[in-house]
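Protein chains get the first letters and strands the later ones, always in sequence-line order, with residue 1 at the start of each. Just so we're clear, the structure is a prediction, and the values are computed from it rather than from any experiment.
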Amino acid sequence: MLYAARAPKPSAELDFSLLWLAMGLLAIGLVMVYSASIAIAEAARYTHHNGEYYLLRQGIFIAMGVGVGMAAFRVPMRVWQQAAPYLFLAGLLLLVVVLIPHIGREVNGSRRWIPLGFANLQPSELMKFLAVLYAADYTTRKAAFMHDFKKGFLPMAAVMMLAGALLLREPDFGAFVVIVSIAMGILFLGGLNWKVFAGLVVVLLIGFVLLILTSPYRLQRVLGFMDPFADPYGKGYQLSHALIAFGRGEWLGLGLGGSIEKLFYLPEAHTDFLMAVIAEEFGFVGVVVVVALFAWLIVKAFLIGHRAAQLERNFCALVAQGIGIWIGVQALINMGVNVGLLPTKGLTLPFLSFGGSGIIANCLAVAILLRIDWEHRQMMRGKTF
Amino acid sequence: MNYHSRKLLKLNLAPWRMATVGGLLLAGLTVVAGRAFYLQGLNTDYLQGKGDAVSNRNLTLPAHRGQVTDRYGQLLAISTPVESLWARAADLNLSADQRVHLARVLDISPAELAKTLTRKTRGEFSVRRPVTPEQAVKIAAMGLPGLTLQREYRRYYPAGAVTAQVVGFTNVDDKGQEGVERAYQDWLAGRAGERQILRDRHGNTIRDLAPIKTAQMGGNLTLSLDLKIQYLAHRELAAAIEKHKAKGGSIVVLDAKTGEILALVNQPVFNPNNRQNYKPDLMRNRAVIDTFEPGSTVKPFVAAAVLERGLFHPDSVIETPDNFRVGNKLVHDEHHHPELTVTEIIQKSSNVGAAKMAMTLTPQQHWEVLHRAGFGQLPGSGFPGETAGRLRDPATWKPVEQATMAYGYGLSVSLLQLTRAYMAFANDGEVMPLSFLKREPQEIVGERVFSPTVAREVRAMMETVTQEGGTGTLTRVPGYRVAGKTGTAHKLVNGHYAPDRYLASFVGMAPASNPRLIIGVTIDEPSDGVYYGGSVAGPVFAQVMAASLRLLGLPPDAPETETKMTENAVSARGGA
């Protein structure tokens with residue numbers, strides 16, 4: 001009895017480092033969203049000049065995300081796999097719904113949101129999570145054809161192109177890139193013939209060279225982001241101010257709340273360009289901390305996936321690593337845009353940027369990672385799933 | 001069926017693939033960190049410079065504009081703080097009620113207000129500069145979002161129209177546009193200071209960075225004007241313009257000893273404190289900027305020219321028939337005098353006599369005297385836009401032109417220029433440089449134009465103008481001897497001399513024994529039937545001269561009898 005009392009409780013078998021990692025990212029995000037948004041919120045009419053407007057909402061989103069994550073954690077991975085195709089279908093349906101006029105809400109020329117009264121649902125954020133589930137399930141099911149371009153790659157490509165086309169209709173180019181990355185990454189991990197990928201890379205390279213040869217101006221437009229100070233009041237406006245924020249931050253930053261660029265110079269400071277505000281207020285040290293947290297999260301996801309593979313739980317392995325790819329690619333693109341390495345494409349920073357759907361989807365992802373890890377721990381004790 | 005049992009379909013999840021994907025992601029993050037290292041560690045100066053260029057602003061600290069006073073310290077122009085209403089486009093958010101209320105306070109229609117408030121869609125712009133203190137209080141009480149009251153300095157001219165054309169005025173940005181305000185802009189304006197601030201994108205100050213320069217107060221300016229003389233000149237001129245139904249006129253009062261301009265007035269005139277419906281025509285300082293053909297007022301210079309060359313004495317007798325032919329032109333005198341002395345030619349203003357005297361000179365000699373007197377050259381008062389008049393090259397003069405030039409046609413002058421030239425007669429041959437600023441007597445160096453003898457001789461001739469038999473008997477001043485010359489010139493209209501349009505003028509000095517004041521008067525197109533310089537400009541001269549002499553407290557130099565005659569003259573004028 002004494003021994004039994006000292007045995008760890010099931011709840012203690014969670015990967016707490018992963019949980020705290022996610023919580024840490026959410027907390028940093030909450031603080032930085034507040035810092036980045038105070039001035040904007042106080043100046044805006046729709047917030048009734050309430051400086052805590054975004055803080056309050058981001059707090060509610062995080063609470064909702066934690067709630068959704070706790071619920072998702074209770075669902076066995078087996079159920080997730082069985083539901084994956086249907087969930088993906090439902091996701092596609094939402095992508096269609098958002099495009100219907102009068103239902104989808106248009107902001108700044110993009111139709112990305114479905115108003116739900118208290119908040120807006122952004123199907124593309126959810127779709128990233130569903131794409132992970134679906135691609136993992138597909139790859140597991142089609143394991144036998146992974147060497148085959150026609151039977152292995154093309155059906156998946158067709159489905160992803162359908163989702164991609166819907167996303168580009170909104171348009172949401174960022175989500176398109178993330179979802180394509182997830183699908184390709186999972187296919188690659190699932191053992192799809194590497195020659196297919198080699199071929200894809202060659203095709204992309206040829207296309208790129210053709211682009212340069214046929215219309216240099218188009219290339220100019222694609223690469224225009226490289227020098228934002230060439231047109232600092234037009235196309236380069238946003239990026240030039242993001243870079244200025246980095247430059248002002250130096251090593252240790254101007255201190256929390258000290259950002260100047262967030263004072264209306266930098267648009268989307270609390271969403272797409274939150275990283276620039278972090279860089280300005282906490283300097284290179286702050287940037288490295290955030291980058292390291294994301295690296296750690298990715299490593300965690302891949303290690304959990306690796307463990308699942310060892311346990312021959314292929315779906316779980318692909319889901320875990322798919323989540324790693326998702327979070328990794330999205331963070332990479334967002335930060336790449338912030339530091340001027342990639343063209344501005346409207347993608348938020350996972351866990352940190354303001355936005356309800358994104359936060360909830362990210363929490364779902366972490367909950368699934370925790371669930372997979374938890375199931376492993378249970379299997380170690382002889383339980384099967 | 002448990003999905004783990006599907007052995008055949010089992011995937012082979014190769015560790016190298018996981019390592020590749022994971023490694024790529026981590027490599028990407030490393031590149032991002034490396035880029036951040038470059039931006040935040042190595043390229044900071046460049047980026048911060050770009051940022052500062054956008055967010056740092058040098059604010060100007062307005063310098064208080066110096067005041068302008070007359071020679072005794074009477075205020076002519078002062079800067080007073082006022083409030084101006086400015087709008088910031090991004091924050092403009094007025095309710096319908098507020099709009100109606102604001103329109104009422106500003107005394108404009110709501111439509112006009114709406115138009116003003118949508119003048120610009122970004123940045124800051126002025127709504128009303130300035131608002132009255134009452135309006136400012138009401139607007140401040142309303143607390144309108146996006147509208148702010150800003151302190152500015154507005155110029156106020158206590159003497160109003162009386163000094164308007166001399167002092168000039170500033171524009172809405174407090175920059176001198178006309179007159180002394182323009183001529184001495186740099187001195188009056190001082191130097192605005194600067195401080196550097198950090199601003200957000202909406203223009204709000206986040207914090208002060210550094211004061212760069214402190215503001216330097218504008219300097220004060222003491223003009224040579226005597227406001228009392230200026231005022232009475234203004235009054236007399238206005239009265240004469242009305243009496244003679246004239247188009248306009250000017251008076252210049254000079255201190256003969258110093259060249260200082262004691263008064264300078266024109267008609268028509270404007271109110272510099274209310275320029276809402278101004279006409280540029282009213283703002284013109286005619287005495288300095290406009291030219292006219294001087295007519296008989298140049299005859300003393302011809303007399304001086306022949307005297308100084310010893311060609312004639314004041315008492316030399318010259319035959320003066322009614323008509324005198326030069327080339328194909330007949331020079332004509334209106335009054336019949338078979339022969340006149342040189343003095344009488346001046347006294348009675350004989351065109352024939354003046355022409356005959358002039359014809360004894362070569363064109364070069366004739367020109368040289370006029371040139372020495374300052375005709376055809378800038379008078380040097382420093383007033384913006386002052387004119388040099390016109391004096392043609394003597395090589396191009398035909399005899400007939402030289403003849404007409406003797407009695408004031410074919411050349412043009414400004415009143416200021418003409419009055420200045422008379423300084424040579426008043427000041428024993430020396431002309432003092434003109435000045436609109438008060439000067440200390442010791443800093444003045446004159447320019448010799450005539451010998452003292454010639455100057456006194458001509459002055460004596462001009463004194464006879466005001467005596468019985470002269471053309472200027474209405475210019476006499478009780479208690480003082482007056483010397484001067486009348487002028488009645490036909491005006492040039494479209495290249496022809498109009499038979500019925502005249503410019504009546506008189507330039508004179510007193511006390512004639514040792515002149516202290518020179519006063520030039522022009523009346524443009526008197527149209528009540530009287531048009532002789534002596535009868536139109538002369539009485540104005542007399543009034544201004546009499547009052548000015550009294551104001552300056554100059555001792556009378558005329559014998560008692562002279563005074564009586566003047567009284568007769570005044571009553572005669574009243575009866576006419």
Practice task
Could you tell me which residues in residues 96-111 of chain B have at least one non-hydrogen atom under 4.5 Å from a non-hydrogen atom of chain A, sorted by residue number?
Solution key: none
Handout entry: Heavy-atom contacts under 4.5 Å, residues 34-50 of chain B to chain A
Key = R35(B), A36(B), F37(B), L39(B), Q40(B), G41(B), T44(B), Y46(B), L47(B), Q48(B), K50(B)
Practice task
Identify which part of T30(B) has an atom lying under 4.5 Å from any heavy atom of chain A, answering side chain, backbone, both or neither.
Solution key: neither
Handout entry: Contact class of L26(B) relative to chain A, heavy atoms under 4.5 angstrom
Key =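 Just its side chain gets close to chain A.
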Exercise for the section: Quick one: do F294(A) and L25(B) satisfy side chain to side chain contact (heavy atoms under 4.5 Å, CB included)? Show the steps, please. Expected result: CA-CA 10 Å; F294(A) 275 109; L25(B) 290 172; over 6 Å; no
Problem - Steps toward side chain to side chain contact (heavy atoms under 4.5 Å, CB included) verdict (V32(B), N338(A)) - result: CA-CA 9 Å; V32(B) 166; N338(A) 272 264; over 6 Å; no
Handout entry: Within 6.0 angstrom of W251(A) CH2, more than 12 heavy atoms from elsewhere
Key =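 More than 12 within 6.0 Å, yes.
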Handout entry: Within 6.0 angstrom of R191(B) CZ, more than 12 heavy atoms from elsewhere
Key =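 For R191(B), atom CZ is not crowded (no more than 12 foreign heavy atoms under 6.0 Å).
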Picking from [options], which has the most non-hydrogen pairs under 4.5 angstrom with chain B?
options: G305(A), A279(A), A317(A), G185(A); answer: A279(A)
options: G247(A), A245(A), G253(A), A309(A); answer: G247(A)
options: G249(A), G283(A), A331(A), A39(A); answer: G283(A)
options: V290(A), V329(A), L243(A); answer: L243(A)

Given that the side chain runs from C-beta out, which part of [X] has a heavy atom under 4.5 Å from chain B: side chain, backbone, both or neither?
X: I325(A); answer: both
X: V287(A); answer: side chain
X: E250(A); answer: both
X: V299(A); answer: side chain

Completion exercise
Taken to the nearest 0.5 Å, the spacing of L198(B) CG from L263(A) CG works out to 8.0 Å
Min side-chain heavy-atom separation [X]-[Y] under 4.5 Å:
X: L29(B); Y: M335(A); value: yes
X: L332(A); Y: V31(B); value: no
X: M18(B); Y: L189(A); value: yes

Exercise for the section: Kindly say whether G190(A) contributes a backbone atom to a donor-acceptor pair with the side chain of R17(B) at under 3.5 angstrom? Expected result: no
